[in-house]
Amino acid sequence: MSRQVFLYDPPDRFVAGTVGLPGRRTFFLQATAGSRVTSVALEKTQVAALAERMDELLDEVVRRSGGSAAVPAVTPTEVADSGPLDTPVEEEFRVGTMALAWDGEEQRMIVEAQALVELDAETDEDLAEAEERLLQDDENGPPMLRVRLTGAQARAFAKRALDVVNAGRPPCPLCSLPLDPEGHVCPRQNGYRRGA
């Protein structure tokens, strides 16, 4: 069976969002073009890493181009997106690996999110070989979401993604661990349960 690639070039919308209550949220990347919607699930840390790396890459593009690249320094208000995910949110796959690249000719950020694949390997050598075969198999690899964004769209995505990550449970003022609505066992209070 050939690889399924969900290509959005360009998307009408590409955002990170969540479903669920803080502490029990499921994170998604969602791309839309017309009536077509693709949602892929991933971890909170993956969303944060993608947003931070995307901002770093955009800053590097601006620096190397001397400011001539079509990349804004901050998110333009006309492309900022704070709306909810498009519903129904139907998970196509869970993200395993992600990649970012900048296409200098087209002035586009390329985001790739590939499905999580479990590899059967008994040794580290077997695992390395299996990973290498998977990376080289463009035709039969796991499903992938590929999105090509303008510099402004990429800035807007990164800002929203960081806002979504930071909108979770507030941190404990003593230990910085997330506070639960039911209370918090703080290691700095010798395990005394305090209210939120």
Side-chain angles (χ1 to χ4, degrees), residues 2-20 22 25-65 69-117 135 138 141-168:
S2 64
R3 167 182 273 191
Q4 186 175 16
V5 177
F6 301 92
L7 177 63
Y8 289 84
D9 184 14
D12 294 336
R13 183 175 192 228
F14 181 58
V15 295
T18 62
V19 172
R25 298 185 296 171
T26 302
F27 288 78
F28 290 93
L29 297 180
Q30 189 177 74
T32 60
S35 62
R36 192 167 65 109
V37 178
T38 302
S39 302
V40 297
L42 68 170
E43 298 297 323
K44 178 180 182 178
T45 55
Q46 289 175 297
V47 175
L50 177 62
E52 290 165 3
R53 184 65 188 114
M54 188 178 285
D55 258 344
E56 290 170 4
L57 183 55
L58 291 169
D59 290 344
E60 183 65 17
V61 167
V62 169
R63 188 186 68 74
R64 286 188 180 191
S65 72
V71 176
V74 295
T75 303
T77 55
E78 65 271 8
V79 295
D81 185 344
S82 60
L85 293 174
D86 293 326
T87 56
V89 178
E90 297 176 357
E91 179 182 322
E92 294 292 340
F93 58 84
R94 179 155 288 279
V95 174
T97 59
M98 295 183 294
L100 277 179
W102 178 257
D103 180 346
E105 282 185 31
E106 298 288 326
Q107 296 286 298
R108 295 284 187 265
M109 172 75 69
I110 303 165
V111 181
E112 290 183 352
Q114 186 170 284
L116 180 65
V117 176
L135 289 173
D138 277 343
M144 180 187 347
L145 170 65
R146 180 179 292 143
V147 182
R148 295 175 56 86
L149 304 167
T150 65
Q153 287 174 316
R155 279 284 187 215
F157 171 86
K159 180 183 182 328
R160 176 189 167 121
L162 289 173
D163 290 346
V164 165
V165 166
N166 294 327

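One-based numbering along the sequence shown.
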inquiry  = If we check side chain to side chain contact (heavy atoms under 4.5 Å, CB included) with Phe157, which of these qualifies: Val79, Asp81, Leu29, Asp55?
reply    = Leu29

task = Could you go through the side-chain contact (heavy atoms from CB on, under 4.5 Å) check for Thr38 and Tyr8 one step at a time?
result = CA-CA 9 Å; Thr38 302; Tyr8 289 84; 2.5 Å; yes

Side-chain (Glu52) to main-chain (Ala49) donor-acceptor, under 3.5 angstrom = no

query = Do Arg13 side-chain atoms and Val37 backbone N/O form a donor-acceptor pair below 3.5 Å?
reply = no

inquiry  = With rounding to the nearest 0.5 angstrom, report the CD to CD distance, Gln4 to Glu92.
reply    = 6.5 Å

task = Might you point out which heavy atoms bring Val147 and Pro11 nearest each other, and give the distance in Å?
result = CG1-CG, 3.6 Å

key: Arg94 atom CZ, neighbour heavy-atom count above 12 within 6.0 Å   = yes

Stepwise side-chain contact (heavy atoms from CB on, under 4.5 Å) check, Val95 with Leu116 = CA-CA 5 Å; Val95 174; Leu116 180 65; over 6 Å; no

ask   = So, for Ala31 and Phe14, which heavy atoms are closest and what is the spacing to 0.1 Å?
value = CB-CD1, 3.9 Å

inquiry  = Quick check: closest heavy atoms across Ala161 and Ala51, and the distance to 0.1 Å?
reply    = CB-CB, 3.7 Å

ask   = Considering all heavy atoms of both residues, which atom of Ala16 and which atom of Val47 are nearest to each other, and what is their separation?
value = CB-CG1, 4.0 Å

ask   = Would Met109 and Asp103 count as a side-chain contact (heavy atoms from CB on, under 4.5 Å) if you check the C-alpha gap in whole Å, the side-chain angles of each, and the deciding distance to 0.1 Å?
value = CA-CA 6 Å; Met109 172 75 69; Asp103 180 346; over 6 Å; no

Derivation of the side chain to side chain donor-acceptor pair (under 3.5 Å) call for Gln30 and Ser39 = CA-CA 4 Å; Gln30 189 177 74; Ser39 302; 2.9 Å; yes

ask   = Side chains of Thr18 and Phe28: does their closest heavy-atom pair fall under 4.5 Å?
value = no

request  = Measure the spacing between CG of Asp9 and CZ of Arg108 and express it to the nearest 0.5 Å.
outcome  = 7.5 Å

inquiry  = I'd like to know if the side chain of Arg155 and the backbone of Pro72 have a donor-acceptor N/O pair within less than 3.5 Å.
reply    = yes

ask   = Please walk me through it: do Leu100 and Ile110 pass side-chain contact (heavy atoms from CB on, under 4.5 Å)?
value = CA-CA 6 Å; Leu100 277 179; Ile110 303 165; over 6 Å; no

request  = Nearest 0.5 Å please: distance from the NZ atom of Lys44 over to the CZ atom of Arg25.
outcome  = 5.5 Å

Any donor-acceptor pair under 3.5 Å from Arg146 side chain to Ala113 backbone = no

ask   = Which heavy atom in Leu149 sits nearest to a heavy atom in Gln153, and how many Å separate them?
value = CA-OE1, 3.4 Å

task = Any chance you could lay out the salt bridge (charged side-chain N to carboxylate O under 4.0 Å, His left out) test for Lys159 and Asp163, step after step, and finish with the verdict?
result = CA-CA 6 Å; Lys159 180 183 182 328; Asp163 290 346; 2.9 Å; yes

inquiry  = Return the CG to CG distance between Leu145 and Leu7, rounded to the nearest 0.5 Å.
reply    = 9.0 Å

ask   = Can you name the nearest heavy-atom pair linking Asp12 to Gly34, along with the distance?
value = OD2-N, 2.5 Å

task = Kindly compute the distance separating CZ (Phe27) from CD (Gln46), expressed to the nearest 0.5 Å.
result = 11.0 Å

task = Mind checking the CZ-CD spacing from Arg148 to Gln107? Nearest 0.5 Å is all I need.
result = 11.0 Å

query = Taking atom types as modelled, is there a side-chain donor on Arg3 or Gln114 under 3.5 Å from an acceptor on the other?
reply = yes

